[in-house]
Amino acid sequence: MIMATSYKAVLRVKYSTDSVGTIAIRKTVKTKSTYCSLRIKLPVKLWNKKSGTVRKTDAVDYVEINKEVTARIKDFENLSDKEGFKATLKSKESFLSYFENEYLPRVINHGSRIKYQTVLNKLKAFIKDRKQVNILFSDMDTKYIYDLNRFFLLKMSTNSANHYLKLTRQVLDKAIGENFYDYLRHPFTSFEFKNTKVNKVALGEDEISKIFKLYLLKGEQTWDTRNKFFAQLFLQGMRVSDLQLLRWNMVKGNHIEYKMFKTGTFMSVYINDIVWNILICEFKKLAERISIKSLRTIKVIEKELERLNNYKIDVLNSRGVKGGYDSIVNETISLDFAKEVESVQNHLFENYKEQIMQFSILPKNGEIFIFDFLRDVDFRNIKNNDFSKVTEAQYKKMKNKSIVYDRHLKLLQKKAGLKITLKSHLSRHSYASLMLMNGVDVYDIGKSLGHIGGLQVTEKYLSGLKENNTSKINKEMAEIFSVKKSYLEVFEQIESVVEG
């Protein structure tokens, strides 16, 4: 026996005294009713209970709301004609409702939640364009997916459209796995993703050298920005989120140990001398903010280095040189002087390294960030460096600081005279590219980048970069043979053989 099903729009209130309610569709089978909220709030006095419509009024757009209510009821009434539809619990008919109310609230990672929210917004724009009220599970067949793809392609690149569709498929797969809907045939089965190749931008050795040799005043914004960018580059292409969250207690001897914010992958990265110098610069800035008693020995060495630099300036002034002393090498004074300066600099460098290692193991210093992106006090709730527990407000602070950092990188780019747009993630691409061009094994590149999921992930990541170093090999091969004879002689021999 088939039970009659009826649908009617109602205004639901939590308490009978409430002056505002929410419009919902009431589904009644025999005497049992379930409700699906339209998430439209309305004053009670504007609702016509008998007709299930909004009264004529200037307070709201009653015509548009009534249209939406009518269209929604029609959608529900047509559900019984859809093949495979199961009229079970409330909201199980709606893919959008599942996405927004079931799937999205469970996404813990703030970055992922923003990404899925963007997809949801795109889907809402799609149904608005089609003059639909909702996306029902029963709507989603192969044709619907192709229509969605066509809509995306009008507004974005092929790869971006594919990205949004793949995230949509992930949500749909989750809904199917949770028995929200059963398909006789998965709607994505026949859909073909067509990717376009993306050439990822990366800095070459010449461009990195240009930034490295750029003369900047110590302490100015671009000087500080260069330090941060090179810290990313020489800490194995570290993401800016991880650079922001580096604390002094992550310095473990000659390594920095941390968990990637994005993936939770544990990383142990060797600190080379370039990074040590950057850490020393940050340590000096920290010493200006807080009292570090153990720096007395370092102060003595710095005074000696200052004395030597003043001597250098006096000698150069006596020879008529005015300004630009830093760019003039110590050998211009004397070889012995140059050796003395180098010895003091090395002594100072090693002392700073030792001080940083001692400072990093003290518990009271555990919550101090190395770089000045974020305020320590705003992240006091994060214990044991478990940054998986950052709040949404804290994540927004990180995103805002990343945006500001990218602006500063553009200023550095301008000063260096680079055509490539400097962005924080460019350091990661550049590190991977340099490793690839210098013949490093793909497996080792993947490990150094912290990739999880095997070689395929790394190969896909590298696919947009310079794919091989065959030009370098070809050049070396030519040089090997040019030792004995020129290429012209070789070609003359070939021609004579052909003629013979």
Side-chain angles (χ1 to χ4, degrees), residues 208-209 211-220 223-236 243 246-257 268-319 321 323-362 364-366 368-372:
I208 293 170
S209 180
I211 300 172
F212 200 89
K213 293 176 181 177
L214 186 64
Y215 183 77
L216 300 169
L217 290 174
K218 191 174 183 179
E220 70 175 24
W223 178 85
D224 181 65
T225 302
R226 178 174 62 182
N227 279 355
K228 290 171 179 173
F229 186 75
F230 277 140
Q232 285 187 267
L233 181 66
F234 292 104
L235 286 172
Q236 298 178 190
L243 191 75
L246 284 185
R247 284 173 166 172
W248 287 106
N249 63 2
M250 294 178 182
V251 177
K252 310 286 186 183
N254 280 314
H255 287 77
I256 285 179
E257 296 181 357
S268 179
V269 183
Y270 177 75
I271 308 173
N272 62 28
D273 284 354
I274 293 174
V275 177
W276 270 122
N277 275 299
I278 294 170
L279 292 179
I280 289 169
C281 290
E282 298 305 315
F283 193 65
K284 285 181 179 179
K285 287 197 285 186
L286 179 65
E288 293 174 1
R289 289 177 13 228
I290 65 174
S291 174
I292 304 176
K293 295 178 182 178
S294 58
L295 295 183
R296 292 170 187 168
T297 306
I298 286 179
K299 295 296 181 186
V300 173
I301 304 171
E302 285 182 331
K303 283 185 179 180
E304 175 60 14
L305 189 61
E306 185 181 357
R307 183 188 70 78
L308 292 171
N309 283 329
N310 288 334
Y311 171 75
K312 175 182 174 180
I313 292 169
D314 290 340
V315 172
L316 292 172
N317 284 341
S318 68
R319 296 179 184 176
V321 178
Y325 310 111
D326 291 343
S327 61
I328 301 174
V329 294
N330 294 320
E331 284 85 342
T332 56
I333 311 299
S334 74
L335 188 59
D336 288 340
F337 177 79
K339 287 181 179 178
E340 186 179 359
V341 171
E342 184 180 4
S343 175
V344 174
Q345 286 175 333
N346 288 338
H347 189 37
L348 184 63
F349 179 75
E350 293 301 326
N351 267 269
Y352 261 118
K353 278 178 63 176
E354 185 61 35
Q355 287 297 322
I356 289 173
M357 289 180 189
Q358 290 180 13
F359 180 85
S360 65
I361 61 176
L362 296 176
K364 65 177 182 178
N365 302 325
I368 301 175
F369 289 122
I370 294 177
F371 294 96
D372 60 359

Measure the [atom1]-[atom2] distance between [X] and [Y] for me, rounded to the nearest 0.5 Å.
{"X": "L295", "Y": "I301", "atom1": "CG", "atom2": "CD1", "result": "10.5 Å"}
{"X": "K303", "Y": "I298", "atom1": "NZ", "atom2": "CD1", "result": "14.0 Å"}
{"X": "F371", "Y": "N227", "atom1": "CZ", "atom2": "CG", "result": "7.5 Å"}
{"X": "E342", "Y": "K339", "atom1": "CD", "atom2": "NZ", "result": "9.0 Å"}
{"X": "K284", "Y": "I292", "atom1": "NZ", "atom2": "CD1", "result": "12.5 Å"}
{"X": "M250", "Y": "S360", "atom1": "CE", "atom2": "OG", "result": "11.5 Å"}

Testing the basics here: between [X] and [Y], what is the closest heavy-atom pair and its distance to 0.1 Å?
{"X": "L243", "Y": "A231", "value": "CD1-CB, 3.9 Å"}
{"X": "I333", "Y": "Y311", "value": "CG2-CE2, 4.0 Å"}
{"X": "K312", "Y": "F337", "value": "CB-CZ, 3.8 Å"}
{"X": "I271", "Y": "G253", "value": "CD1-O, 4.1 Å"}

Lys/Arg N to Asp/Glu carboxylate O, K285 vs E282, below 4.0 Å: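 Salt bridge flag = yes for E282 with K285.
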
Kindly indicate whether the side chain of [X], heavy atoms from C-beta on, has any atom under 4.5 Å from the side chain of [Y].
{"X": "F283", "Y": "V251", "answer": "no"}
{"X": "N249", "Y": "I368", "answer": "no"}
{"X": "N277", "Y": "F349", "answer": "yes"}
{"X": "L217", "Y": "W223", "answer": "no"}
{"X": "F234", "Y": "V269", "answer": "no"}
{"X": "I290", "Y": "L286", "answer": "yes"}
{"X": "L362", "Y": "Q358", "answer": "no"}
{"X": "I211", "Y": "I208", "answer": "no"}

Derivation and outcome, salt bridge (charged side-chain N to carboxylate O under 4.0 Å, His left out), residues D314 and R319: CA-CA 9 Å; D314 290 340; R319 296 179 184 176; over 6 Å; no

From CA spacing to verdict: salt bridge (charged side-chain N to carboxylate O under 4.0 Å, His left out), E340, R307: CA-CA 12 Å; E340 186 179 359; R307 183 188 70 78; 3.7 Å; yes

Stepwise side chain to side chain contact (heavy atoms under 4.5 Å, CB included) test for L348 and E304: CA-CA 10 Å; L348 184 63; E304 175 60 14; over 6 Å; no

Among L233, D372, I278, side-chain contact (heavy atoms from CB on, under 4.5 Å) partner for K228: D372

Ring centre gap for W248 and F369 strictly below 6.0 Å: no

Any donor-acceptor pair under 3.5 Å from [X] side chain to [Y] backbone:
{"X": "S268", "Y": "E257", "value": "no"}
{"X": "R247", "Y": "I370", "value": "no"}
{"X": "N365", "Y": "I361", "value": "no"}

Any side-chain donor near an acceptor of the partner, E302 and Y352, under 3.5 Å: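 Result is yes, a qualifying pair exists.
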
